[in-house]
Amino acid sequence: MEGSAAVCARIRLTCPICPSRHFPFHQSPFLVQPSRSLSLKLVPNHFPLSPLSLLEASSPLKPSATVSESYSETIDLTDIEWDNLGFGIQPTDYMYVMKCAQGGTFSKGELKRFGNIELNPSAGILNYGQGLFEGLKAYRKQDGNILLFRPEENGLRMQIGAERMCMPSPTVEQFVEAVKDTVLANKRWVPPPGKGSLYIRPLLMGSGPVLGLAPSPEYTFLIYVSPVGNYFKEGLAPINLIVEHELHRATPGGTGGVKTIGNYAAVLKAQSEAKAKGYSDVLYLDCVHKRYLEEVSSCNIFVVKGNIISTPAIKGTILPGITRKSIIDVARSQGFQVEERFVSVDELLDADEVFCTGTAVVVSPVGSITYLGKRVSYGDGIGVVSQQLYTVLTRLQMGLTADEMNWTLELR
């Protein structure tokens, strides 16, 4: 009688991806061998990913991307100090890359090993700053599944920004699928429940060479991820802001309302000086009247007075934050009156409570504001409203409460 190895060697399987390819049973790329930890190795040659659903241990990848030769999937969580995550770059396994020419459309992208990219010295992103980025998060639920929070809103905002910056953009559907592929390819880097989140950074940039001032001839859409903890070192503890009255973040008619890369380089000087003096960050005023609030370096601002929550209206100089939009809806559902309007610095100084919102910070209570040398404090510890809104939103993002808003997308 033949041994099992000999029998396996005589059984030949047809590849479901390419029917002209055949494998001995024991060499099949679709055969999962037992080991201490499940590790799936995908075949090379940039095969489409959809047939991998044939695996008993279902693949996380969707058919929106091809896979580079170095792709492999590991189920276990990576071994890092989850309790000590800050907000910094932690190299992960894979990044997503998709390209298109000027006047063209984006097609299927590719998962590649995370690493450096190559750019021509005359690339539009390097010479003329033709680029956008987005930011969103993935959370791990108690059952191990992963939740994305409103990724379609980021895809739509990128489209709006791309139109302003004369760039083609992935469709919202392409954007969401690319995010899903990237997160699932790096799922061992999604922190355990309650230990942080996986920060997702999509980039859209003019990658083609251009010397004269003009749109780039080629564009690259790229996504990388990193596990993160709190954005501010204070965590959920109150932060201390200083109001900047000389330097400005944005101007009417400019690009302050889109997430272009240049908006953030412009705040580094004031932010660096503020941090050197012990402040957490900078709050900017409008550049015309120099008395109305705009936003903090990388997050929106809210002012609480009684049952009324006020935030600066979106008028083209303020980024339409997705967390901002979500907090407005959450606050109204909790019985607060929310006003989007011009908010003066005087109202800020007379507020009962102040907090910031953003993807990175979620909700960050403000402990004090310093304006023209005068410091105003907002009680001890976290404000009641900040705590309430933070709790409601984060429990929804982490899958701890029912998502009646239909904001989360679950990856199994």
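Numbers for residues simply follow the sequence, beginning at 1.
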Determine whether Lys259 and Met158 make a side-chain contact, defined as any pair of heavy atoms from C-beta on separated by less than 4.5 Å. no

Which pairs with one or both residues in residues 106-143 pass ring pair (Phe, Tyr, Trp, His ring centres under 6.0 Å), sequence neighbours excluded? Phe133-Tyr264

Please collect all side-chain hydrogen bond (donor to acceptor under 3.5 Å, both in side chains) contacts where either partner lies in residues 398-407, sequence neighbours excluded, each pair once. Asp403-Thr408

Would one find more than 12 heavy atoms of other residues, nucleotides or ligands at under 6.0 Å from atom CG of Leu211? no

Distance from Tyr284 atom OH to Leu247 atom CG, nearest 0.5 Å? 7.0 Å

Taken in chain and number order and not counting sequence neighbours, the residues that satisfy salt bridge (charged side-chain N to carboxylate O under 4.0 Å, His left out) with Glu134 are Arg157

List in chain and number order the residues that pass salt bridge (charged side-chain N to carboxylate O under 4.0 Å, His left out) with Glu173, two or more places apart in sequence or in another chain; answer none if no residue qualifies. none

With sequence neighbours excluded, what pairs up with Glu295 under the salt bridge (charged side-chain N to carboxylate O under 4.0 Å, His left out) test? Arg249

So how far is it from Ser169 OG to Ile160 CD1, rounded to the nearest 0.5 Å? 10.0 Å

Applying salt bridge (Lys or Arg N to Asp or Glu O under 4.0 Å), run through Arg291 and Asp286 and close with a yes or a no. CA-CA 7 Å; Arg291 65 183 297 261; Asp286 76 288; over 6 Å; no

Do other residues, nucleotides or ligands put more than 12 heavy atoms under 6.0 Å from the CD atom of Glu163? no

Taking atom NZ of Lys99 as the centre, does the number of heavy atoms from other residues, nucleotides or ligands within less than 6.0 Å exceed 12? yes

Let me confirm one number: the OG1-CZ distance from Thr92 to Arg113, rounded to the nearest 0.5 Å. 10.0 Å

Please tell me whether Tyr224 and Tyr96 form a close aromatic pair, meaning their ring centres lie under 6.0 Å apart. no

Are more than 12 heavy atoms, taken from residues, nucleotides or ligands other than Lys305, located less than 6.0 Å from that residue's NZ atom? yes

Lys141: which residues meet the salt bridge (charged side-chain N to carboxylate O under 4.0 Å, His left out) condition with it, sequence neighbours left out? Asp143, Glu410

Angle class for the Phe221/Phe175 ring planes (parallel below 30°, perpendicular above 60°, tilted otherwise)? tilted

